[in-house]
Amino acid sequence: MKVVSGIAELRAARAELPHPIGLAPTMGYLHAGHLSLVEAAYEQCASVIVTIFVNPTQFGPNEDFTSYPRDTERDLKLLEPYADLVFIPATETIYPAGFASFVDIGPIAERLEGAARPGHFRGVATVVAKLFNLTQPDRAYFGQKDAQQVLVIKQMTGDLDFSLEIVVRPTVREPDGLALSSRNVYLNPDERRSATALSRALFAIRDRWRAGEKGCRPLIALGHEIIAREQSVRMEYLSIADIATLRELERIENAALVSLAARVGKTRLIDNVLLDGSGRETF
């Protein structure tokens with residue numbers, strides 16, 4: 001495994017890798033969800049590139065960029081069995097002095113997380129476009145937990161004619177249902193227990209839908225009822241939307257995405273489930 005921090009080093013090392021090349025972009029502080037992406041790339045590709053970069057442009061002014069968990073030494077130990085090349089750039093490498101070009105995606109980036117975190121997907125799309133350009137992968141791996149991010153990246157990949165396949169892997173969960181997230185480390189023991197309300201609400205909605213309920217209002221009311229039982233959890237949004245456009249639905253006729261964001265104590269978490277008659281877990 002080779003670890004590089006500069007663009008010239010990255011390009012030289014990448015040129016020596018056999019194809020197909022799989023890319024797993026991360027912000028580090030790796031958990032089993034990240035590793036599921038890396039392992040999939042390892043199984044499906046001849047070479048694996050992992051990037052570790054906490055991207056400042058996707059954080060708002062009052063968000064946790066400075067405190068976002070980091071442990072590069074641990075990350076590298078976890079990656080060693082799978083990665084051929086790890087790129088860990090400094091902020092000024094990705095955004096040098098005078099940097100002024102950004103990628104705006106359009107309506108799909110303006111709903112849900114885009115509305116809650118203005119500018120977030122502008123930062124995500126810009127850094128992912130740069131990483132695609134720098135690494136030139138054949139496949140790039142993302143997790144279903146960040147469902148709207150997946151849709152934004154798919155939109156950008158098609159619109160900007162990137163020649164690569166986007167591979168989406170299912171959300172990885174703790175045994176009690178909580179979706180893995182680097183931010184889970186912020187939770188104290190009581191908050192950690194309360195945080196399972198997010199997945200419990202989503203699974204209850206899915207179960208009610210499977211039982212025949214197609215109306216979104218009663219399904220959303222069910223989710224709010226479950227979340228409201230936990231005093232330390234404050235819902236920001238609970239959405240049932242078309243899986244292609246993320247427009248809110250009144251009734252589920254085809255596939256739909258149920259997604260939510262909530263604060264557990266001071267920690268903001270997101271999660272989602274896909275409602276699809278075929279039983280698939282990812283887009």
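Residue numbers count from 1 along this sequence. All values reported here derive from a predicted model rather than from experimental measurement.
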Visitor: Less than 4.5 Å apart, side chain to side chain, heavy atoms only: is that true for F142 and Q149?
Guide: yes
Visitor: Under a 4.0 Å threshold between the charged nitrogen and the carboxylate oxygen, would E236 count as salt-bridged to R234?
Guide: no
Visitor: Using the ring of F203 (Phe, Tyr or Trp, six-membered ring only), decide whether R208 places NZ or CZ under 6.0 Å from its centre and within 45 degrees of its axis.
Guide: no
Visitor: Has D207 got a side-chain atom pairing as donor or acceptor with W209's backbone, closer than 3.5 angstrom?
Guide: no
Visitor: Any chance you could measure L269, atom CG, to R183, atom CZ, to the nearest 0.5 Å?
Guide: 8.5 Å
Visitor: Any chance you could lay out the side-chain contact (heavy atoms from CB on, under 4.5 Å) test for V86 and T51, step after step, and finish with the verdict?
Guide: CA-CA 6 Å; V86 182; T51 62; over 6 Å; no
Visitor: For the pair T126 (side chain) and F102 (backbone), establish whether a donor and an acceptor sit closer than 3.5 Å, ignoring hydrogens and angles.
Guide: no
Visitor: Is there a path of hydrophobic side-chain contacts, each under 4.5 Å between heavy atoms of I, L, V, M, F, W or Y residues, that connects V152 with F132?
Guide: yes
Visitor: Kindly indicate, with the supporting measurements, whether the criterion side-chain contact (heavy atoms from CB on, under 4.5 Å) is fulfilled by Q144 and R169.
Guide: CA-CA 6 Å; Q144 177 68 24; R169 300 292 298 170; over 6 Å; no
Visitor: To the nearest 0.5 angstrom, please state how far the CG atom of L131 sits from the CD1 atom of I94.
Guide: 5.5 Å
Visitor: Is there a path of hydrophobic side-chain contacts, each under 4.5 Å between heavy atoms, that joins I240 and L257?
Guide: no
Visitor: Could you tell me which non-hydrogen atom of I52 sits nearest to which non-hydrogen atom of G28, and how far apart they are?
Guide: CG2-CA, 3.8 Å
Visitor: Any chance OH of Y42 has more than 12 other-residue heavy atoms, nucleotides or ligands included, within less than 6.0 Å?
Guide: no
Visitor: If I compare all heavy atoms of K145 with all of A179, which pair ends up nearest, and what's the gap?
Guide: CD-CB, 3.7 Å
Visitor: Quick check: do N55 and Y95 have side-chain heavy atoms less than 4.5 Å from each other?
Guide: yes
Visitor: Could I get the full list of side-chain contact (heavy atoms from CB on, under 4.5 Å) partners for D276, not counting sequence neighbours?
Guide: A255, L274, S278, R280
Visitor: Donor-acceptor check, side chain of S194 to backbone of D190, threshold 3.5 angstrom: yes or no?
Guide: yes
Visitor: Out of I166, D159, I108, which one pairs with K154 under the side-chain contact (heavy atoms from CB on, under 4.5 Å) rule?
Guide: I166
Visitor: Are any of the side-chain heavy atoms of S67 and Y186 separated by less than 4.5 Å?
Guide: yes
Visitor: For R263 and V233: C-alpha separation, side-chain torsions, deciding distance, then whether side-chain contact (heavy atoms from CB on, under 4.5 Å) applies.
Guide: CA-CA 6 Å; R263 290 195 180 272; V233 181; over 6 Å; no
Visitor: Regarding E248 and S239, do their side chains bring together a donor and an acceptor under 3.5 Å, going by distance alone?
Guide: yes
Visitor: Please give me the minimum heavy-atom distance between L134 and R14, naming the atom from each residue.
Guide: O-CD, 4.5 Å
Visitor: Quick check on the hydrophobic clustering: are L164 and F283 connected, directly or via other members, by side-chain heavy-atom contacts under 4.5 Å?
Guide: yes
Visitor: Between R139 and E165 (salt bridge meaning N to carboxylate O under 4.0 Å), is one present in this structure?
Guide: yes
Visitor: Does a side-chain heavy-atom distance below 4.5 Å link V264 with L198?
Guide: yes
Visitor: Any salt bridge between R111 and D242, counting N to O under 4.0 Å?
Guide: no
Visitor: Nearest 0.5 Å please: distance from the CG atom of L238 over to the CG atom of D271.
Guide: 11.0 Å
Visitor: Heavy-atom distance under 4.5 Å between the side chains of L260 and I270, does that happen here?
Guide: no
Visitor: Could you state the interatomic distance from CZ (F87) to CG (L23), rounded to the nearest 0.5 Å?
Guide: 11.0 Å
Visitor: Determine yes or no for a side-chain-to-main-chain donor-acceptor pair under 3.5 angstrom, with E191 supplying the side chain and N188 the backbone.
Guide: yes
Visitor: How far apart are the closest heavy atoms of Q155 and I105, and which atoms are they?
Guide: CG-CG2, 3.6 Å
Visitor: Counting N and O atoms only, with roles assigned by atom type, does the side chain of S47 sit under 3.5 Å from a partner on the main chain of H19, one being a donor and the other an acceptor?
Guide: no
Visitor: Quick one: CD1 on I49 to CG on L79, what's the gap to the nearest 0.5 Å?
Guide: 12.5 Å
Visitor: Just so I know, are the side chains of Y29 and V54 near enough to count as touching, which here means a heavy-atom distance under 4.5 Å?
Guide: no
Visitor: Please tabulate, for the side chains in residues 112-123, all donor-acceptor contacts under 3.5 angstrom to protein atoms that are two or more places apart in sequence or on a different chain.
Guide:
from : atom 1 : to   : atom 2 : distance (Å)
E113 : OE1    : R268 : NH1    : 2.8
E113 : OE2    : Y237 : OH     : 2.6
E113 : OE2    : R268 : NH1    : 3.3
E113 : OE2    : R268 : NH2    : 2.7
R117 : NE     : E63  : OE1    : 3.4
R117 : NE     : E63  : OE2    : 2.9
R117 : NH2    : Q58  : O      : 3.3
R117 : NH2    : E63  : OE1    : 2.7
H120 : ND1    : Q58  : O      : 2.8

Visitor: Do the ring planes of H34 and H31 sit parallel (below 30°), tilted (30 to 60°) or perpendicular (above 60°)?
Guide: tilted
Visitor: Do I21 and V50 belong together in a cluster built from hydrophobic side chains that touch within less than 4.5 Å?
Guide: no
Visitor: For the residue pair C45 and P20, what are the closest heavy atoms and their distance?
Guide: CB-O, 3.3 Å
Visitor: Hey, does the side chain of T93 reach the backbone of G6 with a donor-acceptor pair shorter than 3.5 angstrom?
Guide: no
Visitor: Please tell me if the side chains of S259 and Q148 come closer than 4.5 Å, counting only heavy atoms from C-beta onward.
Guide: no
Visitor: Distance from I252 atom CD1 to L275 atom CG, nearest 0.5 Å?
Guide: 5.0 Å
Visitor: Regarding R70 and the six-membered ring of F53, is the cationic atom NZ or CZ under 6.0 Å from the ring centre and inside 45° of its axis?
Guide: no
Visitor: Report the C-alpha separation of L85 and M1 in whole Å, then their side-chain angles, then the decisive distance to 0.1 Å, and conclude whether the side-chain contact (heavy atoms from CB on, under 4.5 Å) test is met.
Guide: CA-CA 6 Å; L85 179 59; M1 184 177 75; over 6 Å; no
Visitor: Are F65 and V127 grouped together when hydrophobic residues (ILVMFWY) are joined by side-chain heavy atoms under 4.5 angstrom apart?
Guide: no
Visitor: So, using side-chain contact (heavy atoms from CB on, under 4.5 Å) as the criterion, who are the partners of T66 when residues are at least two apart?
Guide: none
Visitor: As a test of understanding, state which of R192, R200, R193 forms a salt bridge (Lys or Arg N to Asp or Glu O under 4.0 Å) with E230.
Guide: R200
Visitor: Mind listing the closest non-hydrogen atom pair of A32 and L180 along with its distance?
Guide: CB-CD1, 3.5 Å
Visitor: Are there more than 12 heavy atoms of other residues, nucleotides or ligands under 6.0 Å from atom NZ of K2?
Guide: no
Visitor: Look only at the side chain of N272 and the backbone of V258, and say whether a donor-acceptor pair between them is shorter than 3.5 Å.
Guide: no
Visitor: Is there side-chain contact between S36 and Y141, with heavy atoms separated by less than 4.5 Å?
Guide: no
